[in-house]
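In this chain, residues are counted from 1 in sequence order.
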Amino acid sequence: MPDCPYCNTESQTDGELTAHLEDAHSREELSRIDRKRVEKHAADSGARSRLGRVVPDGRLSRRAALVGAGTVLAGIGVGIGSRMSQSSPTPIQNWTDLDDVRTGLSDDYVLANDLDQSTTGYSGTGDDFDPIGDTGNRFQGTFDGNGHTISDLTIEVAFNQSGPLLAGLFGATDGSAEIKNLTIAGANVTYEDRLSDGDGGAFIIGANAGTVRNVSASGSLEAVGANEAGCVVGLNTGTVRNVSASGSLVVDDAFEVGGVVGLNKGIITGSVSDATLSKKGGNVGDVGGLVGTQEGGTVEDCVATGKVSVEDTRIGGLVGTNDFGGSEIRDSYATGDVINGTRDAGGLVGSNQDDMAVVERCYATGTVTSNANGSGFGGLVGKNSNGTVQESYATGNINASNAESVGGLAGRNDGGDATITRSYAIGEVNGDTAVGGVVGGNIHDFGSPVIKRSYAAGTVQGNTEVGGLVGRNQDSGGDHGILEDSYWDTTTTGQGDAVGVSGAENNLAGLTTSQMQGTAARTNMSAFDFNSIWTAVVTDQQINPVPDSGGYPVLGALDINQQLGTQGIGLLPTVAAIEVDGADNTTINNVTVGNGN
């Protein structure tokens, strides 16, 4: 019977093998078939496609080539591998085999079974593992975990060793490398470098330039004086896709530490972190539930749920710092609490700081708490410095009673290019000075930051410079921010004025709760686009309960169920239960969302 060269799955026929290869393994793997040998064998044996057509003259379609590959594998055992040095991935059966990967950095490997402390070769290898490859000699092949788990991996690297300081199962990978279908469980990594800040530390890869997909990593990692640390990858310049991370990361005098990736210069998609991050000592910053720092990187469709408790600066529930080079965060959210930040701490992002840095279609629900007398504390973003925040919201409470620039959505909107638009905040806000329902301080020495088409509906409390929308809209030198086309609930915020210190304001309205909810929102919040951006919420009975007038407007591009839930309306049934009435409204359990007609 022909066996799969990647996972050893048995097939009764060549056709079954073909189907398995196409369904279970990637195009990248299939492209590494030695076509010439496959085609020659197929031509000699009269290989047939699934339609029964004989392929003439050795020319094969992709599907027929797979049948040929299966025939070759079953008959003569050759035909797989772009590298002529090996005919099929080398199986990894024990710790000694794993350690030997370093002798063939450009080869392909497949994990044949789970590895743990009871597996042959653990003592002296698995309990004191030396990362495979480094920045001068990177791993270039494929490592397929084949759904198996490597447990009890222990790595300790310190500044007194020679060469680059890298921690992980793999020290460094290049652009052609792929690590996939692997679980690392119960790892214990110490990554220490008080001299040169380190080159990347993680459970799986210290510095990744290739592709990491369908992997899971858990354990404990301590970064001591060493930057760029994460559960999955320390420094990413490649692609990280569909990964999960959990466990604990302890930061001691280190920067750029995240639940999945420490420093991201590449792409991260479809990934989740439940890791908790905490501080042990020293100066710490750029810490996030998913990513520590982004420099020209992209985070998309990602989630962080773990608590971030770090007493320092630029701390975020998802990303610590979204920095220069066009860094983007889209369609992502964070639910974990952000605790003890001293400056620039946000439920989603600590600091969004570049004129090309973007946060779009994102939300945060965790609480942001600090006892420090610093500045920049927000439900979504601590400080938006020249960046853009749009179609996003925050629902978590912000408790920073000793701090300046505290806001329901952003603590500080700072810089001539800073823009916040089409967003809202409904969490409670408690600060000292410059406290607002949307933004605490909308100011900059040069240029005018902008806030528009947004609303606030949470309680706002502070000692000085307090407003329903913005606390301070002008700095001490007279430079002003721009605030327009926005609304606040005078009842729930407890604020009669839009701003504490005025700057440039236009078309602002303080409304009662009933004026901002249900169909009334369309009339009273006329600056909002209810055709393509905002959605009115109407109810005809109390649920959980809600006011008879309905709910606050929600953003159509984001999960409506989730947004209604944060208003106490209750999560709606699945899409299968949705009915659309003749007024272009969607009605579920007596809750109507739509244009409100």
Side-chain angles (χ1 to χ4, degrees), residues 135 157-159 164-168 189-203 205-208 220-237 245 248-266 268 273 275-297 299 304 306-325 327 329 338-346 348-354 357 370 372 374 376 381-383 385:
T135 51
V157 296
F159 64 88
L165 190 77
L166 296 156
V189 175
T190 302
Y191 171 50
E192 180 177 359
D193 187 354
R194 294 188 182 275
L195 295 181
S196 62
D197 298 330
D199 298 285
F203 299 145
I205 306 173
N208 173 61
S220 62
L221 185 150
E222 184 172 354
V224 182
N227 301 338
E228 302 167 9
C231 286
V232 179
V233 173
L235 166 62
N236 179 55
T237 57
S248 65
L249 284 83
V250 178
V251 187
D252 184 352
D253 199 23
F255 293 77
E256 298 169 347
V257 179
V260 171
V261 172
L263 173 58
N264 181 46
K265 298 183 178 182
I268 305 173
S273 174
T276 59
L277 295 94
S278 61
K279 176 181 175 178
K280 182 176 181 180
N283 294 320
V284 173
D286 309 310
V287 178
L290 188 93
V291 175
T293 294
Q294 283 218 111
E295 293 182 358
V299 168
K307 180 172 68 175
V308 181
S309 179
V310 175
E311 187 180 349
D312 243 305
T313 183
R314 299 183 300 280
I315 313 300
L318 189 84
V319 175
T321 299
N322 197 41
D323 213 337
F324 59 84
S327 295
I329 305 171
V338 177
I339 303 172
N340 295 331
T342 59
R343 186 181 182 90
D344 301 342
L348 188 87
V349 179
S351 181
N352 190 50
Q353 55 181 49
D354 182 71
S370 175
V381 177
K383 180 174 74 172
S385 181

Participant: Can any side-chain N or O of Asn264 pair as donor or acceptor with the backbone N or O of Gln294 at less than 3.5 Å?
Facilitator: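 No; zero donor-acceptor contacts below 3.5 Å.
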Participant: Looking at every non-hydrogen atom in both residues, tell me the closest pair between Val189 and Ala202 and how far apart they are.
Facilitator: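 Answer, listing the atom of Val189 first, then Ala202: CG2-O, 4.0 Å.
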Participant: Without swapping roles, check the side chain of Thr342 against the backbone of Gly374 for a donor-acceptor pair under 3.5 Å.
Facilitator: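 Such a contact is absent between Thr342 side chain and Gly374 backbone.
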Participant: If you measure from OG1 on Thr293 to CG on Asn322, what distance do you get to the nearest 0.5 Å?
Facilitator: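 Answer rounded to 0.5 Å: 9.5 Å.
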Participant: Could you tell me whether the side chain of Tyr191 and the main chain of Gly200 form a donor-acceptor pair under 3.5 Å?
Facilitator: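 Judged by distance alone, yes, a pair lies under 3.5 Å.
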Participant: Quick check: closest heavy atoms across Ala245 and Gly259, and the distance to 0.1 Å?
Facilitator: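 It is CB-O, 3.3 Å.
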Participant: Is there a donor-acceptor pair closer than 3.5 Å between any side-chain N or O of Ser370 and the backbone N or O of Gly341?
Facilitator: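 Yes, because the side chain of Ser370 sits within donor-acceptor range (under 3.5 Å) of the backbone of Gly341.
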Participant: Atom CD1 of Ile329 and atom CG of Leu348: how far apart are they, to the nearest 0.5 Å?
Facilitator: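 Atom-to-atom, Ile329:CD1 and Leu348:CG are 5.5 Å apart.
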Participant: Can a donor-acceptor pair be found, under 3.5 Å and without considering hydrogens, that links the side chain of Ser273 to the backbone of Gly289?
Facilitator: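 A pair under 3.5 Å: yes.
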Participant: Run the numbers on Leu263 and Phe255 for side chain to side chain contact (heavy atoms under 4.5 Å, CB included), then give the verdict.
Facilitator: CA-CA 9 Å; Leu263 173 58; Phe255 293 77; over 6 Å; no
Participant: Kindly give the heavy-atom pair with the smallest separation between Val338 and Ala345, and that separation in Å.
Facilitator: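 Scanning both residues completely, I find the closest heavy atoms to be CG1-CB, 4.3 Å.
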Participant: Of all the heavy-atom pairs spanning Leu165 and Glu192, show the shortest one and how long it is.
Facilitator: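 Result for this residue pair: CD2-O, 3.1 Å.
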Participant: What residues form a salt bridge (Lys or Arg N to Asp or Glu O under 4.0 Å) with Lys279, not counting sequence neighbours?
Facilitator: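 Lys279 satisfies salt bridge (Lys or Arg N to Asp or Glu O under 4.0 Å) with Asp312 once adjacent residues are dropped.
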Participant: Let's go through Leu249 and Cys231 carefully: what are the C-alpha distance in whole Å and the side-chain angles of both, what is the deciding distance for side chain to side chain contact (heavy atoms under 4.5 Å, CB included) to 0.1 Å, and is it a yes or a no?
Facilitator: CA-CA 8 Å; Leu249 284 83; Cys231 286; 3.2 Å; yes
Participant: What pair of heavy atoms forms the shortest contact from Ala167 to Val157, and how long is it?
Facilitator: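 So the two residues come closest at CB-CG2, 3.7 Å.
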Participant: Sequence neighbours left out, what passes side chain to side chain donor-acceptor pair (under 3.5 Å) with Asp344? Give chain and number order.
Facilitator: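 If we apply the side chain to side chain donor-acceptor pair (under 3.5 Å) test to Asp344, skipping adjacent residues, there are no hits.
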Participant: Any side-chain to backbone donor/acceptor pair from Thr237 onto Asn208? Under 3.5 Å, distance only.
Facilitator: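 Yes, because the side chain of Thr237 sits within donor-acceptor range (under 3.5 Å) of the backbone of Asn208.
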Participant: Would you please name every residue forming a side chain to side chain donor-acceptor pair (under 3.5 Å) with Asp323, sequence neighbours left out?
Facilitator: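 In terms of side chain to side chain donor-acceptor pair (under 3.5 Å), with neighbours along the sequence ignored, Asp323 is linked to Gln353.
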Participant: Roughly how far, to the nearest 0.5 Å, is the CG atom of Leu221 from the CZ atom of Phe203?
Facilitator: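 With rounding to 0.5 Å, CZ (Phe203) is 5.0 Å from CG (Leu221).
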Participant: For the CD atom on Glu295, are there more than 12 heavy atoms of other groups (residues, nucleotides or ligands in this structure) within a distance under 6.0 Å?
Facilitator: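 Result for CD/Glu295: enclosed.
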Participant: Among Ile205, Leu235, Thr135, find the residue that satisfies the side-chain contact (heavy atoms from CB on, under 4.5 Å) test when tested with Leu166.
Facilitator: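 So the option named by the test is Thr135.
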